[in-house]
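The analysis underlying the following values was restricted to heavy atoms, covering all of them including side chains, and did not include hydrogens, waters or symmetry mates. So you know, we letter chains A, B, ... as the sequences are listed, proteins then strands, and number each from 1.
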Amino acid sequence: MVLDDGEENQGLFDDLLSGEPIFENKEVLRPSYTPHELPHRNDQINRMATILVSALRGETPSNILIYGKTGTGKTASAKFVSQELESTSQKYDVPCEVEYINCEVTDTQYRVLAQLANTFIEKNQRIIANRLDHYRDRRSAAIDDPTVLTDTEFETLDDLDDRIDELEADAEEMEEVPMTGWPTDRVYSTFFEAVDYHERVVVIMLDEIDKLVEKSGDDTLYNLSRMNSELDRSRISIMGISNDLKFTDFLDPRVKSSLGEEEIVFPPYDANQLRDILQHRADIAFKQDALTDDVIPLCAAFAAQEHGDARRALDLLRTAGELAERSQAEIVAEKHVRQAQDKIELDRVVEVVRPLPTQSKIVLFAVILLEKNGVHNINTGEVFNIYKRLCEEIDADVLTQRRVTDLISELDMLGIVNAVVVSKGRYGRTKEMGLSVPVEETEAVLLSDSRLGDIENAQPFVQARFDN
DNA sequence: TATCCACCGGAAGATATGGGTC
DNA sequence: GACCCATATCTTCCGGTGGATA
């Protein structure tokens, strides 16, 4: 862009950069940050450390199950202990590794095993490459002066060559597991061989383990928990993290007893504890005197209402800071926290609704239309009727009512609608539902989807149903 | 008290897709 | 190219369900 008549050329970002920044280090307020100190979680951290210390003695630690609601510091504490464990293992030269898997993303047996197999294959290849470098250097030296092999594991140059060939063959044999296509037992044996390639204790951290069990049953946990009896060189231990206290009810009793050898519960934080946590992070995240006195108590109070969710509290504080910075305010004030609360709520709707499959969006649109037409206690039959009309109008496939009830249940689980099964006696049994998200904003997100663009034109046809 | 409604929701299987192996 | 495997999505079938009503 060219600015006229000799004005000083102010770039797009110059204005934004000209104000005093409020943040010193915003990253410490993000969920991905693992803090060095976790206030009010000493007991749980010490308990984990007491259990895992046996890994540093080369023994197999007991499997651990960690429970607690969202934002109670489970993952952060477990990651903190893992980092400490790995750094201590390096200090004392004990082979001990922790592998983190988020089961919300990696939610099938195949994917979990494939991810683990590929991680260990990569590690083994690095180890082999280092050893090869070392042996090749030694070989070069031995060609000039064969006495360098004296007092080593190799008596002759041929022995050394054999070892190099062996390692090269090992590296070649290690084949990465593809995203799909292999039978699961082949993926399992590939992982088994990769992890057992050399002596080590491995802690497999399965975050949101309940999602894995919900989606693909307990086969993965069964296979992992019985591996130790077959491994020669290595040992594995499982650390499961779950939001759901009852997920073990669905497990095979053998898996249940093996997995829950040790259980650690993370209770929700109260408002005072949240205030401590926020203060702790705010000291690092913000410039001095960048917050008014009421900002942290308000963030803590909002988050305490959300079942003591520290992640929410930190999110709120970060967003309030960003909003203050955007409005070029010098300090973060109470109004920014309130604006942040609204923004987070709206962002959540957009984030959940936008990626929905088209069919779910049509079902949701049917619920919105009913709600906008003043229908209270919307039931499955009504939703299905409107849904069919909408599909016809926009030329989409019409799914069966059975499938639509599943889509409604999914919307319920996502917190977009609130559905309850009610019996109306002679008038049958159905699900009654209402929207749990703002109508206008949700409708706008749905209409922004090009595949649903025509749905706006279909509304008069649906309206006619209410007029008749 | 038996009947009935309008679904719910589990189970099994079909189909499609994306990948691999031989 | 035929076949195998994992996964996602969807259909079909069918046994509940529970409170109003006859």
Taking the six-membered ring of A:Y427, is the NZ or CZ of A:K424 close enough (under 6.0 Å from the centre) and on axis enough (within 45°)?
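No, A:K424 does not sit over the ring of A:Y427.
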Where the side chain of [X] is defined as all heavy atoms beyond and including C-beta, which of [options] is the nearest nucleotide?
{"X": "A:Q359", "options": "C:dT7, B:dC7, C:dC10", "result": "C:dC10"}
{"X": "A:S423", "options": "B:dT21, B:dC7, C:dG18", "result": "C:dG18"}
{"X": "A:S409", "options": "C:dA6, B:dG9, B:dC7", "result": "B:dG9"}
{"X": "A:R111", "options": "C:dT7, B:dG9, B:dG19", "result": "C:dT7"}
{"X": "A:P178", "options": "C:dT7, C:dT11, B:dG20", "result": "B:dG20"}
{"X": "A:R403", "options": "B:dC7, C:dT7, C:dC10", "result": "C:dC10"}
{"X": "A:T400", "options": "B:dC7, C:dT11, C:dT7", "result": "C:dT11"}
{"X": "A:T430", "options": "B:dC7, B:dG9, C:dT7", "result": "B:dC7"}
{"X": "A:W182", "options": "B:dG20, C:dG18, C:dA6", "result": "B:dG20"}

Between [atom2] of [N] and [atom1] of [X], the distance in whole Å:
{"X": "A:R426", "N": "B:dA2", "atom1": "CZ", "atom2": "C1'", "result": "11 Å"}
{"X": "A:D107", "N": "C:dT7", "atom1": "CG", "atom2": "P", "result": "9 Å"}
{"X": "A:Q109", "N": "C:dA6", "atom1": "CD", "atom2": "P", "result": "9 Å"}
{"X": "A:Q115", "N": "C:dA6", "atom1": "CD", "atom2": "C1'", "result": "17 Å"}
{"X": "A:R429", "N": "B:dA6", "atom1": "CZ", "atom2": "C1'", "result": "10 Å"}
{"X": "A:L407", "N": "C:dC10", "atom1": "CG", "atom2": "P", "result": "7 Å"}
{"X": "A:E176", "N": "B:dT21", "atom1": "CD", "atom2": "P", "result": "13 Å"}
{"X": "A:Y427", "N": "B:dC8", "atom1": "OH", "atom2": "C1'", "result": "21 Å"}

Show your reasoning for whether salt bridge (charged side-chain N to carboxylate O under 4.0 Å, His left out) applies to A:E199 and A:R233.
CA-CA 5 Å; A:E199 203 174 294; A:R233 302 186 188 93; over 6 Å; no
Taking only N and O in the side chain of [X], is any of them less than 4.0 Å away from OP1 or OP2 of [N]?
{"X": "A:R186", "N": "B:dT21", "result": "yes"}
{"X": "A:K424", "N": "C:dT17", "result": "no"}
{"X": "A:T380", "N": "B:dC8", "result": "yes"}

Between A:M433 and A:G428, name the one whose nearest nucleotide on DNA chain B is closer to the 5' end.
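Result: A:G428.
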On DNA chain B, more 5' by nearest nucleotide between A:G381 and A:R402 is A:G381
Flag the pair A:E443 and A:K372 as a salt bridge only when some basic side-chain nitrogen lies within less than 4.0 angstrom of an acidic carboxylate oxygen.
yes
Determine, for A:R318 against A:D315, whether the closest basic-nitrogen to carboxylate-oxygen distance falls under 4.0 angstrom.
yes
Could you check whether any side-chain N or O of A:S242 sits under 3.5 Å from a backbone N or O of A:I209, counting only pairs where one atom can act as donor and the other as acceptor?
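The answer is no, because no donor-acceptor pair under 3.5 Å joins these two groups.
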Apply salt bridge (charged side-chain N to carboxylate O under 4.0 Å, His left out) to the pair A:R163 and A:E168, showing each step before the final yes or no.
CA-CA 9 Å; A:R163 182 75 185 118; A:E168 281 172 346; over 6 Å; no
